[in-house]
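Because only heavy atoms are used, hydrogens play no part in the values below, and waters and symmetry mates are left out as well, while side chains stay in.
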Amino acid sequence: MLPSGKTRGDFLHITVKSDDEMRKLGYNLARVLEKGDIVYLRGVLGAGKTTLVRGISRGLGYSGRVNSPTFTLLNIYPASIAIYHFDLYRLENCDLHDLGWEEYLDGDGISLIEWPEAGEGQFPREAMFINISLCDDDYERERVVEICAQGDKYQHKLEELKAFVDTGY
């Protein structure tokens, strides 16, 4: 069953109580993603961003190991749709064009970008935005996941995801 959630206007607010629920949310998110999609993932260290990516990866048929690419900047997972998992935690206000971003963002995969604030203003504005917050700064408690979308394409995907949350599938 999907974590409990509330839909409010243009965003989805979900309380996730375990890693299993976070992976389930990712699995269901994978159902609405397609080639060329971009998802920005924000949250403190240990909030569950990579756990959510694990769920997305499983939802797209990838069964291998999923790790945060903190030191490599990018992991590519060959799934039914290629997954480009970026982690910009170690970067500070760099020119991402020097890293060849366009090749991936304009490619035929899904880009999942942790710590996108390092490249602020250099990414496309139309995307899905996910913010994961700890409850009471406690890593052992549930998390609050807020998902919003910018652009018509992503707004439709958010509506589809809301339907999964509302129905529990």
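- Of all the heavy atoms in Cys135 and Val144, the pair that sits closest is SG-CG2, 3.9 Å.
- Open room surrounds OH on Tyr27; 12 or fewer heavy atoms of other groups in view lie less than 6.0 Å from it.
- Applying the salt bridge (Lys or Arg N to Asp or Glu O under 4.0 Å) definition to pairs two or more places apart or across chains, those involving residues 32-44 are Glu34-Lys157, Asp37-Lys153, Asp37-Lys157, Arg42-Glu117, Arg42-Glu120.
- Arg23 pairs by the side chain to side chain donor-acceptor pair (under 3.5 Å) definition with Asp20, not counting sequence neighbours.
- Residues satisfying the side chain to side chain donor-acceptor pair (under 3.5 Å) criterion with Ser18, sequence neighbours excluded, are absent altogether.
- Gly43 approaches Asn131 most closely through the heavy-atom pair N-OD1, 4.2 Å.
- The CG atom of Leu158 sits 12.5 Å away from atom CD of Gln150, with the distance rounded to the nearest 0.5 Å.
- The structure places CG of Leu112 at 8.0 Å from CG of Leu29, a figure rounded to the nearest 0.5 Å.
- Rounding to the nearest 0.5 Å gives a distance of 13.0 Å between NE2 of His13 and NZ of Lys162.
- Remark: Arg125 pairs with no residue by the side chain to side chain donor-acceptor pair (under 3.5 Å) rule, at least two apart or across chains.
- By the side chain to side chain donor-acceptor pair (under 3.5 Å) test, Ser68 is found to be paired with Thr70, Asp87, residues two or more places apart in sequence or in another chain being considered.
- Qualifying side chain to side chain contact (heavy atoms under 4.5 Å, CB included) partners for Ile76, counting only residues two or more places apart in sequence or in other chains: Leu74, Tyr84, Tyr104.
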Take Leu45 and Trp115 through the test side-chain contact (heavy atoms from CB on, under 4.5 Å) and record every step on the way to the result.
CA-CA 10 Å; Leu45 285 172; Trp115 303 96; 3.9 Å; yes
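- The NE2 atom of His85 sits 9.0 Å away from atom OG1 of Thr72, with the distance rounded to the nearest 0.5 Å.
- Proximity of Val44 to Leu134: side-chain heavy atoms (C-beta onward) are separated by under 4.5 Å at one or more points.
- Here the straight-line distance linking atom CD1 of Ile132 with atom CZ of Arg143 works out to 8.5 Å at 0.5 Å rounding.
- Hydrophobic clustering of Ile, Leu, Val, Met, Phe, Trp and Tyr side chains at less than 4.5 Å, counting indirect connections, unites Val32 with Val39.
- Under the ring pair (Phe, Tyr, Trp, His ring centres under 6.0 Å) criterion, Tyr62 pairs with Tyr77, not counting sequence neighbours.
- Interatomic distance, CG of Leu161 versus CG of Leu12, reported as 5.5 Å (0.5 Å rounding).
- In this structure Tyr40 satisfies the ring pair (Phe, Tyr, Trp, His ring centres under 6.0 Å) test together with Phe123, Phe129, sequence neighbours excluded.
- For the side-chain hydrogen bond (donor to acceptor under 3.5 Å, both in side chains) condition, the pairs that include at least one residue of residues 44-60, sequence neighbours left out, are Thr50-Glu114.
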